[in-house]
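Single-structure report; data block below.
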Protein chains: 2
Amino acid sequence: MKQGNRHDLPAEPDYILISKALEVVSGKWRLYLILQLGEETRRYSQLAEMLPSISEKVLAGELKALVVLGVIDRKVYAEIPPRVEYTLTSKGRLALPILRLLQEIGRIFN
Amino acid sequence: MKQGNRHDLPAEPDYILISKALEVVSGKWRLYLILQLGEETRRYSQLAEMLPSISEKVLAGELKALVVLGVIDRKVYAEIPPRVEYTLTSKGRLALPILRLLQEIGRIFN
DNA sequence: CCGTATCCGAAATGATACTG
DNA sequence: CAGTATCATTTCGGATACGG
């Protein structure tokens, strides 16, 4: 009979976790958006300038998705004209170093 | 006037690198495929079993894309019946630890 | 055994005009 | 300023049948 099955599974990849990770980075702009934001706080218009060729619909949609995922926070100021600021959440800051490492992958295969 | 502009750019994310990195991981199955393969050598049919719900067209397409990217090697044996084996390239093995880290991102946002 | 060819529907992306 | 609404276009994933 089997005894002591520590290490029985050779760290089999978990599709659920991978899908969730891909939600965070996937899309043409999502990862780039997170990396551009970094530890800073940025207004909507600043982000729009940083990603020159993204359409408004897509930018707004990606930001909304990242808020829902818990990657970024959205703070609205009741001013005129309106001001909306985006910042990484604590989870987002936790993930940031790993996401920065992903750029190394790009370097490897370039 | 400005002097000594080392570090003028605060490590601005490079869209080219990021795109390349996303090519490696993106798609519903690509990252999962790499992680399942790991350091092993696997036949086409073995990979097909590991990803039960992937269609043949997509599996063949993803494998071909990963070969072109330089992530995996494809080795054909002139036997009957034919045998085709896939293995990570040296670049692929270099990238593997980072790709495994990506699963942690999934854990963070679960 | 290891794919390719074809077709289809769904999803992602984008251009543009408009609004609180 | 910070988005939403609408429509057009492109890309993706999947089912299935067939080929070397």
Side-chain angles (χ1 to χ4, degrees), chain A residues 13 15-16 18-37 40-69 71-88, chain B residues 15-16 18-37 40-69 71-87:
Chain A
Y15 185 63
I16 305 293
I18 293 172
S19 302
K20 187 56 86 173
L22 287 178
E23 272 190 71
V24 174
V25 303
S26 78
K28 234 176 122 180
W29 300 106
R30 206 167 287 187
L31 177 58
Y32 192 62
L33 200 45
I34 296 171
L35 293 175
Q36 279 288 6
L37 184 55
E40 307 299 315
T41 294
R42 298 275 184 227
R43 301 181 61 159
Y44 179 89
S45 50
Q46 292 182 295
L47 293 171
E49 286 164 24
M50 289 167 153
L51 286 70
S53 70
I54 190 173
S55 83
E56 296 184 55
K57 191 196 87 173
V58 174
L59 177 55
E62 299 292 87
L63 287 170
K64 196 181 286 185
L66 288 171
V67 168
V68 170
L69 279 166
V71 181
I72 61 176
D73 259 335
R74 177 177 186 272
K75 201 168 178 184
V76 185
Y77 295 87
E79 304 172 350
I80 294 177
R83 177 160 58 108
V84 179
E85 291 183 345
Y86 293 90
T87 322
L88 284 185
Chain B
Y15 185 64
I16 304 293
I18 293 173
S19 301
K20 189 54 87 174
L22 287 178
E23 273 189 72
V24 174
V25 303
S26 79
K28 234 175 124 182
W29 300 107
R30 204 166 289 188
L31 176 58
Y32 192 63
L33 201 45
I34 296 171
L35 293 175
Q36 279 287 9
L37 185 54
E40 306 300 314
T41 294
R42 298 277 184 226
R43 300 180 62 160
Y44 179 89
S45 51
Q46 291 180 297
L47 293 170
E49 285 164 26
M50 290 168 153
L51 287 68
S53 69
I54 190 173
S55 82
E56 297 184 56
K57 189 196 87 175
V58 174
L59 177 54
E62 299 292 89
L63 287 171
K64 195 182 285 184
L66 288 172
V67 169
V68 171
L69 279 166
V71 180
I72 61 177
D73 259 335
R74 178 178 186 271
K75 199 166 178 185
V76 186
Y77 296 85
E79 304 172 351
I80 294 178
R83 179 161 56 109
V84 179
E85 291 183 345
Y86 293 91
T87 321

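Order of the sequence lines fixes the chain letters, A, B, ..., with proteins taken first and strands second; residue numbering starts at 1 for each chain. Just the heavy atoms: all of them, side chains too, but no hydrogens, waters or symmetry mates, feed the values below.
Residue A:K57 places no side-chain atom within donor-acceptor reach of the base of D:dT4, judged by atom type and a 3.5 Å distance cut-off alone. Under 3.5 Å, the side chain of B:K28 and the base of D:dG13 form no donor-acceptor pair of N or O atoms.
The nearest whole Å value for the distance from the CG atom in B:L51 to the P atom in D:dG14 is 11 Å. What separates CG of A:L59 from P of C:dT16 is a distance of 17 Å, to the nearest Å. Summarising the geometry, the separation between CE on A:M50 and P on D:dA2 is reported as 13 Å, rounded to the nearest angstrom. Atom C1' of nucleotide C:dG3 and atom NZ of B:K64 are separated by 9 Å, given to the nearest angstrom. With rounding to whole Å, A:R42 atom CZ is found 17 Å from D:dC1 atom P. A straight line from CD1 of A:I54 to C1' of C:dG14 spans 10 Å, rounded to a whole angstrom. Look at CD on B:Q46: it is 13 Å from C1' on C:dC1, rounded to the nearest Å. One atom, CG of A:L66, and another, P of D:dG3, lie 13 Å apart when rounded to the nearest Å.
The OG1 atom of B:T87 sits 12.0 Å away from the CZ atom of B:R74 when rounded to the nearest 0.5 Å.
Between B:Y44 and B:E49 there is no side-chain heavy-atom pair separated by less than 4.5 Å. Here the side chains of A:L31 and A:Q36 are not in contact, with every heavy-atom distance at 4.5 Å or above.
Listed here is the closest heavy atom pair of B:L37 and B:Y86: CD1-O, 3.6 Å.
For A:R74, the listed nucleotide lying nearest its side chain is D:dG3; candidates were D:dG3, C:dC1, D:dC1. Nearest to the side chain of A:R43, among D:dC1, D:dG20, D:dG3, sits D:dC1. Residue B:E56 has its side chain nearest to C:dG3 when only C:dG3, C:dG14, D:dA2 are considered. Picking from C:dG3, D:dT4, C:dC1 the nucleotide with the shortest atom distance to the side chain of B:Y44 gives C:dG3.
Heavy atoms of A:R30 sit nowhere under 4.0 angstrom from any nucleic acid atom. Contact annotation for B:Y77: no contact, since no heavy-atom pair falls under 4.0 Å across all strands. Using a 4.0 Å heavy-atom criterion, one finds that B:G27 contacts the sugar-phosphate atoms exclusively.
Annotation: of the two residues near DNA chain D, B:E62 and A:Y86, the 5′-most nearest-nucleotide partner is A:Y86.
Note on ring orientation: taking the six-membered ring where Trp is involved, the planes of A:Y32 and B:Y15 are perpendicular (angle over 60°, cut-offs 30° and 60°).
The phosphate of C:dA12 has neither OP1 nor OP2 within less than 4.0 Å of any side-chain N or O from A:W29. For the pair A:S45 and D:dA2, the criterion of a side-chain N or O lying under 4.0 Å from OP1 or OP2 is met.
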